[in-house]
Amino acid sequence: MSLFTRRGMLKIPNPKDNKVLCENRDLYVINECYCPNGHSLISNEVLFNNFKGILVKVSRSPESGTLALSPTFGCKNKITKGIELKFNELYSLECPVCNAPMPVFNRCHCGGSILSLFMNKKGAFSSFVGICNRIGCKESSIRIDDDLLHESMMGVL
(Lines give C-alpha, C1' and ligand atoms only; values in the text may rest on other atoms or scores of the structure.)
Protein backbone atom coordinates (compact mmCIF):
# COMPACT_ATOMS: atom_id res chain seq x y z
CA MET A 1 0.00 0.00 0.00
CA SER A 2 1.32 3.44 -0.95
CA LEU A 3 1.75 6.09 1.76
CA PHE A 4 0.66 8.83 -0.64
CA THR A 5 -2.42 9.32 -2.80
CA ARG A 6 -1.86 10.07 -6.47
CA ARG A 7 -2.18 13.80 -5.60
CA GLY A 8 0.50 13.64 -2.88
CA MET A 9 -1.69 13.53 0.25
CA LEU A 10 -0.20 11.43 3.04
CA LYS A 11 -2.30 8.29 3.65
CA ILE A 12 -1.71 6.50 6.95
CA PRO A 13 -3.28 3.19 8.01
CA ASN A 14 -5.30 3.50 11.19
CA PRO A 15 -3.99 0.90 13.66
CA LYS A 16 -6.64 -1.11 15.53
CA ASP A 17 -5.22 -0.11 18.91
CA ASN A 18 -5.73 3.55 18.03
CA LYS A 19 -9.51 3.58 17.48
CA VAL A 20 -9.85 6.65 19.73
CA LEU A 21 -8.23 8.79 17.02
CA CYS A 22 -10.73 7.99 14.31
CA GLU A 23 -12.97 5.18 13.11
CA ASN A 24 -11.72 5.35 9.50
CA ARG A 25 -9.74 2.46 8.07
CA ASP A 26 -7.30 4.87 6.41
CA LEU A 27 -6.36 8.32 7.63
CA TYR A 28 -5.80 11.23 5.26
CA VAL A 29 -3.51 13.78 6.86
CA ILE A 30 -3.41 17.37 5.65
CA ASN A 31 0.18 18.55 5.88
CA GLU A 32 -0.18 21.81 3.92
CA CYS A 33 -2.90 24.35 4.61
CA TYR A 34 -2.92 28.11 3.91
CA CYS A 35 -5.00 31.25 4.30
CA PRO A 36 -6.02 33.21 1.15
CA ASN A 37 -2.82 35.27 1.51
CA GLY A 38 -0.50 32.24 1.65
CA HIS A 39 0.24 32.08 5.39
CA SER A 40 0.61 28.53 6.69
CA LEU A 41 -2.14 27.37 9.05
CA ILE A 42 -0.21 24.24 10.07
CA SER A 43 1.17 24.70 13.57
CA ASN A 44 3.17 22.62 16.02
CA GLU A 45 1.49 24.50 18.90
CA VAL A 46 -1.10 21.72 19.05
CA LEU A 47 -0.43 18.11 18.05
CA PHE A 48 -3.08 15.52 17.23
CA ASN A 49 -1.56 12.04 17.51
CA ASN A 50 1.87 13.56 16.71
CA PHE A 51 0.56 15.44 13.64
CA LYS A 52 0.70 19.23 13.58
CA GLY A 53 -2.74 20.83 13.93
CA ILE A 54 -4.47 23.39 11.72
CA LEU A 55 -4.61 26.65 13.67
CA VAL A 56 -7.11 29.45 12.94
CA LYS A 57 -8.71 32.37 14.74
CA VAL A 58 -12.39 31.79 15.50
CA SER A 59 -14.99 34.39 16.41
CA ARG A 60 -18.64 35.03 17.01
CA SER A 61 -19.38 38.51 18.26
CA PRO A 62 -18.41 39.50 20.88
CA GLU A 63 -16.17 36.46 21.57
CA SER A 64 -12.99 35.40 19.80
CA GLY A 65 -10.25 32.86 20.37
CA THR A 66 -8.09 30.24 18.73
CA LEU A 67 -9.21 26.96 17.23
CA ALA A 68 -6.90 24.03 16.50
CA LEU A 69 -8.34 21.40 14.16
CA SER A 70 -7.11 17.87 13.65
CA PRO A 71 -5.24 17.59 10.33
CA THR A 72 -6.67 14.08 9.91
CA PHE A 73 -9.55 14.35 7.47
CA GLY A 74 -12.78 12.90 8.83
CA CYS A 75 -11.75 13.26 12.47
CA LYS A 76 -13.58 16.05 14.27
CA ASN A 77 -11.08 16.51 17.10
CA LYS A 78 -10.53 20.16 17.98
CA ILE A 79 -9.11 22.29 20.78
CA THR A 80 -10.11 25.87 21.56
CA LYS A 81 -8.40 28.60 23.53
CA GLY A 82 -10.10 31.78 24.71
CA ILE A 83 -13.56 30.84 23.43
CA GLU A 84 -16.23 28.25 24.18
CA LEU A 85 -17.83 26.95 20.99
CA LYS A 86 -21.59 26.52 21.20
CA PHE A 87 -23.33 23.69 19.38
CA ASN A 88 -25.32 24.71 16.28
CA GLU A 89 -23.90 28.27 16.24
CA LEU A 90 -22.14 29.87 13.24
CA TYR A 91 -18.54 31.11 13.60
CA SER A 92 -16.09 33.06 11.46
CA LEU A 93 -12.61 31.66 10.80
CA GLU A 94 -9.61 33.89 10.13
CA CYS A 95 -5.90 33.58 9.55
CA PRO A 96 -3.97 33.90 12.84
CA VAL A 97 -1.22 35.84 11.02
CA CYS A 98 -3.02 38.40 8.80
CA ASN A 99 -6.62 38.14 10.05
CA ALA A 100 -7.89 37.39 6.53
CA PRO A 101 -11.29 35.67 6.69
CA MET A 102 -11.47 32.17 5.27
CA PRO A 103 -13.49 32.59 2.07
CA VAL A 104 -16.86 30.98 1.50
CA PHE A 105 -16.86 28.33 -1.21
CA ASN A 106 -20.54 27.43 -1.06
CA ARG A 107 -23.60 27.26 1.16
CA CYS A 108 -23.95 24.18 3.34
CA HIS A 109 -27.12 22.06 3.51
CA CYS A 110 -27.46 23.12 7.18
CA GLY A 111 -27.68 26.82 6.31
CA GLY A 112 -24.08 27.57 7.24
CA SER A 113 -21.19 28.23 4.87
CA ILE A 114 -18.51 25.92 3.55
CA LEU A 115 -15.28 27.79 4.31
CA SER A 116 -12.08 27.19 2.35
CA LEU A 117 -8.70 26.35 3.85
CA PHE A 118 -6.36 26.24 0.87
CA MET A 119 -3.87 23.48 0.15
CA ASN A 120 -1.72 25.83 -1.93
CA LYS A 121 -0.14 29.21 -1.20
CA LYS A 122 -1.96 30.82 -4.14
CA GLY A 123 -5.35 30.57 -2.47
CA ALA A 124 -6.78 28.78 -5.50
CA PHE A 125 -10.10 26.96 -5.21
CA SER A 126 -8.60 24.11 -7.22
CA SER A 127 -7.14 22.57 -4.02
CA PHE A 128 -8.77 23.23 -0.67
CA VAL A 129 -10.29 21.74 2.45
CA GLY A 130 -13.91 22.77 2.87
CA ILE A 131 -15.50 22.81 6.32
CA CYS A 132 -18.84 24.09 7.55
CA ASN A 133 -18.77 27.03 9.95
CA ARG A 134 -21.69 25.64 12.01
CA ILE A 135 -20.50 23.84 15.15
CA GLY A 136 -21.82 20.28 15.05
CA CYS A 137 -22.31 20.08 11.29
CA LYS A 138 -20.25 17.22 9.88
CA GLU A 139 -20.01 18.59 6.35
CA SER A 140 -16.43 18.61 5.11
CA SER A 141 -14.59 17.78 1.91
CA ILE A 142 -11.23 17.99 0.20
CA ARG A 143 -11.05 19.16 -3.40
CA ILE A 144 -7.86 18.65 -5.42
CA ASP A 145 -8.24 19.63 -9.06
CA ASP A 146 -11.22 17.59 -10.30
CA ASP A 147 -11.09 15.10 -7.43
CA LEU A 148 -13.45 15.45 -4.49
CA LEU A 149 -13.10 13.50 -1.24
CA HIS A 150 -16.24 13.90 0.81
CA GLU A 151 -16.45 12.71 4.40
CA SER A 152 -19.51 10.57 3.69
CA MET A 153 -17.43 8.62 1.15
CA MET A 154 -15.27 7.47 4.04
CA GLY A 155 -18.09 5.97 6.12
CA VAL A 156 -17.55 8.36 9.00
CA LEU A 157 -21.05 9.70 9.68
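The chain is numbered in sequence order, starting from 1.
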Open item on the list: Within the 3.5 Å criterion, strictly below it, is a donor on Arg60 or Ser92 matched to an acceptor on the partner's side chain?
Closed with: no
What's the shortest heavy-atom distance between [X] and [Y], and which atoms?
| X | Y | value |
| --- | --- | --- |
| Cys95 | Lys57 | O-CD, 3.6 Å |
| Ala68 | Leu55 | CB-CD1, 3.9 Å |
| Ser116 | Phe125 | OG-CE2, 3.1 Å |
| Thr72 | Phe51 | OG1-CD1, 4.3 Å |
| Lys86 | Glu63 | NZ-OE1, 3.5 Å |
| Ile83 | Tyr91 | CD1-CE2, 3.9 Å |

Close side-chain approach of [X] and [Y], heavy atoms under 4.5 Å:
| X | Y | result |
| --- | --- | --- |
| Cys35 | Cys98 | yes |
| Ile54 | Ile42 | yes |
| Ser126 | Asn120 | yes |
| Val104 | Leu115 | yes |
| Ile30 | Leu117 | no |
| Leu67 | Leu85 | yes |

Open item on the list: Out of the candidates Ile114, Ile131, Leu41, only one should pair with Met102 under the side-chain contact (heavy atoms from CB on, under 4.5 Å) rule; please name it.
Closed with: Leu41
Task: Atom pair CD (Glu89) and CD1 (Ile135), whose distance is rounded to the nearest 0.5 Å - done: 9.0 Å
- [ ] Rounded to the nearest 0.5 Å, what's the gap from NZ on Lys52 to OG on Ser70? Could you check?
- [x] 15.0 Å
TODO: For the residue pair Phe128 and Phe105, categorise the inter-ring angle as parallel (less than 30°), tilted (30 to 60°) or perpendicular (more than 60°).
DONE: tilted
Task: Cluster link Leu69 to Leu90, ILVMFWY, side chain under 4.5 Å - done: no
- [ ] Check the hydrophobic clustering (I, L, V, M, F, W, Y; side-chain heavy atoms under 4.5 Å; chains of links allowed) and say if Phe118 and Val58 are grouped together.
- [x] no
- [ ] Could you note down all residue pairs passing salt bridge (charged side-chain N to carboxylate O under 4.0 Å, His left out) where residues 115-135 supplies at least one of them, sequence neighbours left out?
- [x] none
- [ ] Could you name each residue pair satisfying side-chain hydrogen bond (donor to acceptor under 3.5 Å, both in side chains) that touches residues 36-45, not counting sequence neighbours?
- [x] none
Task: Donor-acceptor contact present, side-chain Asn133 to main-chain Gly112, <3.5 Å - done: no
